[in-house]
2 protein chains.
Amino acid sequence: MKDFHGTKVTLEEVAQAAGVSRATASRVLTSDPRVSLDARRAVERAASKLGYVPNQAGRALATGRSDAVALVVFEPTTLLFGDPFFPRLIRGLGDVLTSRDMQLILLAPQTASDADRVERYVAAGHVDGALLVSLPSAHPLPARLASRGIPVVIGGRPTEADRFNHVDVDNVSGSAHAVAHLVAGGRRTIATVTGRKDVPAGQDRLRGYQEGLKAAGLPPDDALIEAGDFTRDGGARAMRFLLVKRPQLDAVFVASDLMAVGVLEALHQAGRRVPEDVAVVGYDDDPMAIGLQPPLSSVRQPIEEMGREMARLLLDAVHSPDRPPRKVLLTTRLEVRFSSAPVVAKPTGEAV
Amino acid sequence: MKDFHGTKVTLEEVAQAAGVSRATASRVLTSDPRVSLDARRAVERAASKLGYVPNQAGRALATGRSDAVALVVFEPTTLLFGDPFFPRLIRGLGDVLTSRDMQLILLAPQTASDADRVERYVAAGHVDGALLVSLPSAHPLPARLASRGIPVVIGGRPTEADRFNHVDVDNVSGSAHAVAHLVAGGRRTIATVTGRKDVPAGQDRLRGYQEGLKAAGLPPDDALIEAGDFTRDGGARAMRFLLVKRPQLDAVFVASDLMAVGVLEALHQAGRRVPEDVAVVGYDDDPMAIGLQPPLSSVRQPIEEMGREMARLLLDAVHSPDRPPRKVLLTTRLEVRFSSAPVVAKPTGEAV
DNA sequence: CTAGAGTGTGGAACCGCTCCCAATGAAGGA
DNA sequence: TCCTTCATTGGGAGCGGTTCCACACTCTAG
C-alpha cells in the first residue's frame, strides 16, 4: 500500500509537509501539550503519510536518554535458553517496561572479554540502565557501572548487598520451609542437590536446607549434600552420587526443578519409588512440575513479580539518580504435590 | 582503582587532555591511519586514563550506522526459551557478528502491536538490518522493512522466496531421507507428527514425509498424519491420537526432537517398545537426543552454519544495499541411532 | 632554489532531534 | 484604549561524534 521508497524521512520534511516549524512538529511527536489542535492534526497527518519514524540517534543525542534498558544475564547461552526462569522474568520485566515504552535488550556475556564489552555497551549510552542477574559473587561489573553513574538493579543477592539496588527472593526461608515440610511428612534422612555454589541463590538455598534441618533437630551430614549445576544432567548425576553415599536417604530437596527432573530419572533408574521410598521437593515451580511423574512439589518463586519489581526500581533510579539504593525481598510459597506425600504407616506394622 | 566520578567524558575532553584537536582524537579512535605516532599515543593514553567510551548516539548520528543487527523471532517467549534451536542459531550468528564487532539484539514480538513496534524500532535506526526467523507465512514485516530500505535476511523459507535474502535448510529432502531410512529398516506403516502448519519448516517436513512415502511406493494415509506444535506435550498428545487411529503403525517420523520426547513418553505409556515395535526418527538432532531412552535417531540441521550464513548475508546487504537478493540452501544429515534400528526377522519365523 | 607531492592537523559543517528563549497575536482587565 | 497575561510558534543553540576541506609543513625532483 504505502511505499516509502527506501528514503529515510526526517522531522524537517514532516514539518515542511505540515506547514509548521521543526520545533512544533517535534512538540507534537513528543506529546507536548502546548500545540494548537490544527497544528497537531496537520503534523500527525503528514507524519503518517510519510511513514515517519523518529531517528533514535538524533533523539538520544538530544535527550541524553535511550529509552532502553539492558538485561545482563551471566549464564552460558545453553542454560539461558534451557532455564524456564528467564521467560518468566522477562515477562515480568516486559509488563512494566512496555507500559513505559521502554525496550529490553538482552545481553549474555559468555567470557570476561564479553563482560568488558557489556560495560562499554552500557557506558556508550545504548541503554539508560542495567538489570543484572545470575551475577557471580564479587563480579566487578556493578561497581564499574555505578562508578560511571549508570543506574543498576541486581536480581538476587549481590555480594555487597547495601551498595546496589536489588530484588531478591527469600531463598533461605523458602528452602527451610521445604525441609520443614519433608520433616512433617515423616522424613528423617533428607539429602539435597544444590545449585552452583558460585551463585548466591545456590548458596542461600543450601543455607536454608541446613537451617531447616537444624530447626527440626536433625543432624547435619555432609554426605547428604551434593552439588548440581542447575542442569538436568547435573541433577541426575548428583542423585546417583547421593544414592551411593547414603542409600538409606528418604527425601531430597533439589535446588531447581530442572535438576529435579534429572533426580527423578536417577531415582527411577535406581528402582526407588517416589514418594513411597523417597520424597522429592524441587525449586522454581516450573510449569512442567505438574506434568512430571509423579507431580513435583516445588517452592514457587514470584519470578514475574521479581521482574516487575526490578523494572520499577530501575526506572526509579533512571528518573532520580541520587536516591539511595533500595532492597526488595520477595517471599516464596510451597506448592505441595504428590512427590512429597507423607510416609504412611505400613499395614504390616513395620513402623519407622 | 579508577573512578570516573559518574561524569560522561566526551571526545572533546580526551582531545584536550591529549593536546590535539577533536578531529585528530576522532581519527585515532576510528583507526584512521593518517595520524602521527606521537598524536596517536597521546590520545590513547588520555582516552584510557579518562575511561572514555564513545557515545553511541553521537557516532550513529554522524555515521548513519549503529553497528548492531536485530534478530527477530516470531515465537512465544516460552517456546523461544524452550527450543534448543535458538542457542545454536545465536552461536552461529555470534561467530560472525562479534568478529565484526557488531551487536546482536534479540526481539521477540508476541502480538501484532509488538510487530509494529519492531518495525518502528528497526526503522528508527537502532539496528542496521534485521534477521527474521520463525516468520509466519505471508507476514507483512519483511516487505515493510524492505520498502524502508532496510536490509533483511530471512531464516527459513519465506512466502515470496525470491524477493528476500534467505537461508534455508532443505527440510523436504531431510524428511524424505528420514522416511527412506525407516523404509530401509523394514517399516511399512509410517506415521508422522508434524510441526505447526503455519510455519514453512512444518509444511516442508510434512511434504518431505509425503515424498518419502511416495518414493518408497507406500500408500498415503491421512490418518497417519497428526499435527503437533513443536512442544513436548504437543508431541505426546499427537502420538496418543495416532495410536488410537492407527494402532498398527510401526514407525513415526517426528518433526522436532522436543516433540519426539513427548512421542517417546506416549509410546512408553502405551506399552510400545522402541525400536522393536515402533521406530522413531526426530528432527533437529538436539544434544539431548543422544541421552534419550533409547538414543534418538534424528535429522541434523546445520543450524550454526545457518546462523553464520545469515549473518554474512546480512552484513553483505548492509554493505552493498543494491545487490539482488540471494538464497542459500543448506543440506541436512541423518544421525542414525538406536531408536530406528531395523526390524529383525523373528526367530520363530513369523516373517513380515 | 623552487614547484609539486605528500603528511598531519585543525576548523567547521553536518547528522536529526529536543528544548530554551524570544516573539507574535489574541484575550482579558483596568 | 492600553497594558498584562497567556497560548502558540519559530529561530537557533546545542547533544557528541565523523569527515570534508584547506592549510602548514616537510620532503623530493627538476
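Computed from a predicted model, the values in this text were never measured in an experiment. Order of the sequence lines fixes the chain letters, A, B, ..., with proteins taken first and strands second; residue numbering starts at 1 for each chain.
- Pairing each heavy atom of B:L314 with each of B:G129, the nearest pair is CD2-C, 3.9 Å.
- C:dG16 atom P lies 10 Å from atom CZ of A:R22, rounded to whole Å.
- A donor-acceptor pair is defined here as one N or O able to donate and one able to accept, closer than 3.5 Å; no such pair exists between the side chain of A:E44 and the backbone of A:R41.
- A:A143 and A:F164 make their closest contact through N-CZ, 3.7 Å (heavy atoms, listed as atom of the first residue, atom of the second, distance).
- In terms of heavy atoms, A:L132 sits closest to A:M310 at O-CE, 4.2 Å.
- Phosphate proximity of C:dG16 to A:T10: absent, as no side-chain N or O sits under 4.0 Å from OP1 or OP2.
- When each of B:V14, B:V43, B:V20 is paired with B:V28, the side chain to side chain contact (heavy atoms under 4.5 Å, CB included) condition holds for B:V43 and for no other.
- A distance of 6.0 Å separates CZ of B:R144 from CG of B:D116, quoted to the nearest 0.5 Å.
- Contact check of residues 11-19 of chain A against DNA chain C (heavy atom, cut-off under 4.0 Å) returns A:L11.
- Nearest-nucleotide positions on DNA chain C place B:T24 closer to the 5' end than the other of B:T24 and A:P54.
- Of the residues in residues 57-66 of chain B, those lying under 4.0 Å from DNA chain D by heavy-atom distance are B:G58, B:R59, B:L61, B:A62, B:T63.
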Between the protein and nucleotides 5-8 of chain C, which nitrogen or oxygen pairs are less than 3.5 angstrom apart?
none

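- In this structure, the side-chain contact (heavy atoms from CB on, under 4.5 Å) partners of B:D114, at least two apart in sequence or on a different chain, are B:P109, B:Q110, B:T111, B:R117.
- The NZ-C1' distance, from A:K8 to C:dC15, rounds to 14 Å in whole Å.
- Closest approach of A:Y52 and A:V9 over heavy atoms only: CD1-O, 3.3 Å.
- Sequence neighbours left out, not one pair with a member in residues 12-43 of chain B passes ring-ring contact (aromatic ring centres under 6.0 Å, His included).
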List, one per line, each side-chain donor-acceptor pair under 3.5 Å for residues 55-66 of chain B, sequence neighbours excluded.
residue	atom	partner	partner atom	Å
B:N55	OD1	B:A57	N	2.7
B:N55	OD1	B:G58	N	2.8
B:Q56	OE1	A:H126	NE2	3.3
B:T63	OG1	B:R59	O	2.9
B:T63	OG1	B:R65	N	3.1
B:T63	OG1	B:R65	O	3.3
B:R65	NH1	B:D67	OD1	2.9
B:S66	OG	B:A68	N	3.4
B:S66	OG	B:H126	O	3.0
B:S66	OG	B:D128	N	3.4
B:S66	OG	B:D128	OD1	3.0

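- Scanning for side chain to side chain donor-acceptor pair (under 3.5 Å) contacts around A:R326 gives A:D316, with sequence neighbours left out.
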Which atom pairs, donor and acceptor, lie under 3.5 Å between side-chain atoms of residues 97-106 of chain A and protein residues at least two apart or in another chain?
residue	atom	partner	partner atom	Å
A:T98	OG1	A:G94	O	2.8
A:S99	OG	A:V96	O	2.7

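- Position along DNA chain D of the nearest nucleotide to B:N55 versus A:R27 favours A:R27 as the more 5'-ward residue.
- Where DNA chain D meets chain B (any atom under 4.0 Å from a heavy atom), the bounding nucleotides read 5' to 3' are D:dG16 to D:dC20.
- Comparing the helix axis at one end of the helix from C:dC1-D:dG30 to C:dA30-D:dT1 with that at the other, each defined from 5 consecutive pairs, gives an inter-axis angle of 50° (nearest 10°).
- Smallest separation of non-hydrogen atoms from B:K8 and A:R148: NZ-O, 3.5 Å.
- Considering only residues two or more places apart in sequence or on other chains, B:R22 meets the salt bridge (Lys or Arg N to Asp or Glu O under 4.0 Å) condition with B:E12.
- Residue pairs meeting the ring-ring contact (aromatic ring centres under 6.0 Å, His included) criterion with at least one member in residues 134-159 of chain A, sequence neighbours excluded: A:F74-A:H139.
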